[in-house]
Amino acid sequence: MEPNAEVSRGPCPGEEWAYRLRDDAPSERVHIMAVHQEGRRFRVDIRHMHGHPPGREENVPRSRLKVPWEDVVPYDAAMDGWRRLKAEAIDEHEASALWAALELVVPSEVAELSVASSDDSLTVHDHVAFEALTGQTVAAFQARFSWLVHDGEVFLSPRAALAVVELACRRNPAPVLDLVMAEEAVAREKSKRGGTIENWETREPVATSAEFEYDYYLRRQRPIHEILRQWCGYGSVTAHERLLAAEAEVIRLDVLLTWAVDHIRRTDKGTAEMIEREHEEDRITPYTIRPVPQRPLKPHEIPRIEVPTRRGWYR
């Protein structure tokens with residue numbers, strides 16, 4: 001919806017309004033001559049106050065009349081701001097990555113994407129939380145990218161939104177990388193066995209071949225995954241993959257040890273129970289490996305340890 005596009009009432013005969021042939025065309029001053037209703041649609045007879053020739057009359061849709069002429073200055077300023085935001089547009093893959101990541105790393109009460117007046121522009125609601133998530137103020141992005149203030153809130157361009165979500169991903173890469181790996185796992189299975197898609201006419205599932213699914217992954221998903229990994233940073237990606245590999249290896253060894261203990265129990269129950277007990281009690285977890293600072297002990301609180309020694313002289 002355009003800023004100030006809807007007003008409390010429509011144009012009335014005798015008034016002067018701002019007319020635009022297109023949304024990106026300049027505003028023209030026109031005089032309202034008559035208003036006609038055709039079902040749910042309205043058309044308006046207007047007379048152009050300027051132009052060549054002056055006084056030209058025509059019948060136009062109601063939607064081309066934007067605001068009363070006395071409100072044309074703020075309206076034109078707002079439309080110029082939306083035009084600047086649209087000029088910093090992003091491509092389809094960048095937009096898909098932007099929407100996928102922003103939902104994971106930026107709460108909607110802090111900032112959210114908009115498609116009303118400028119596709120993929122970012123509306124900032126909470127400036128303090130925004131700085132905590134990105135490490136930069138909103139003003140820092142305003143200095144680098146196009147922006148505007150509408151209804152008391154700051155709107156950043158799509159290019160600025162990309163920079164915002166990249167900083168947020170660097171600070172919190174885990175949920176984004178989890179999403180990428182989950183989608184890649186699904187794509188891997190479909191590339192082996194095929195999948196299904198919904199017929200847009202009948203809404204029935206239609207089987208797809210493995211070749212179709214792999215081609216879809218290359219064209220649609222892989223570019224998005226590469227962008228998301230780039231935003232998270234090489235260090236985050238490798239650390240995340242190493243963590244997942246370590247967790248998977250621990251699970252594999254746990255299963256193998258369980259099988260070995262069960263096998264030993266058949267011939268030596270005591271040894272099997274000892275191994276099982278030690279394995280369970282000596283587990284290394286984030287809580288056992290975490291250093292826990294403790295207050296210094298006073299001399300009388302330090303336990304006394306007696307060390308027996310041999311009496312007498314000896315060589």
Taking all non-hydrogen atoms of both residues, which atom of [X] and which atom of [Y] are closest, and how far apart?
X	Y	value
R62	L65	NH1-O, 2.8 Å
P11	V35	O-CG2, 3.4 Å
L228	A97	CD2-O, 3.7 Å
D120	A161	O-CB, 3.9 Å
L122	A111	CD1-CB, 4.0 Å
S27	A18	CB-CB, 4.3 Å

| field | Pair R159-E94, salt bridge (Lys or Arg N to Asp or Glu O under 4.0 Å): steps then yes or no | value | CA-CA 10 Å; R159 283 289 162 195; E94 290 174 326; 3.2 Å; yes
Any sub-3.5 Å donor-acceptor pair from [X]'s side-chain atoms to [Y]'s backbone N or O?
X	Y	result
E103	A100	no
R170	P173	no
T267	I264	yes

| What do the steps show when you test R193 against E189 for salt bridge (Lys or Arg N to Asp or Glu O under 4.0 Å), and what is the final call? | CA-CA 6 Å; R193 299 176 176 85; E189 291 301 313; 2.5 Å; yes
Euclidean distance, [Y] [atom2] relative to [X] [atom1], rounded to 0.5 Å:
X	Y	atom1	atom2	result
L148	F155	CG	CZ	7.0 Å
L104	N172	CG	CG	9.0 Å
I227	H93	CD1	NE2	7.0 Å
R64	L21	CZ	CG	5.5 Å
S157	R144	OG	CZ	10.0 Å
D23	R20	CG	CZ	7.5 Å

May I ask you to say whether [X] pairs ionically with [Y], meaning some side-chain N is under 4.0 Å from a carboxylate O?
X	Y	answer
R56	E58	yes
E273	R277	no
D215	R220	no

If you draw a 6.0 Å radius around [atom1] in [X], do more than 12 non-hydrogen atoms from other residues or ligands fall strictly inside?
X	atom1	value
R41	CZ	no
Y217	OH	yes
R222	CZ	no
E278	CD	no

| request: Go through the steps to decide whether H36 and N59 satisfy the test side chain to side chain contact (heavy atoms under 4.5 Å, CB included), and finish with yes or no. | output: CA-CA 9 Å; H36 309 282; N59 181 267; 3.8 Å; yes
Quick one: do the [X] and [Y] side chains pair a donor with an acceptor below 3.5 Å?
X	Y	answer
E109	H125	no
E28	H50	no
E15	W17	yes
S191	E213	no

| task | Give the intermediate values and the outcome of side chain to side chain donor-acceptor pair (under 3.5 Å) for residues E88 and S146. | result | CA-CA 8 Å; E88 295 185 4; S146 295; 2.9 Å; yes
| Is the distance between the ring centroids of F130 and F141 less than 6.0 Å? | yes
| said: Using side chain to side chain contact (heavy atoms under 4.5 Å, CB included), reason through H279 and L257 one step at a time and then give a plain yes or no. | reply: CA-CA 9 Å; H279 174 60; L257 180 61; 3.3 Å; yes
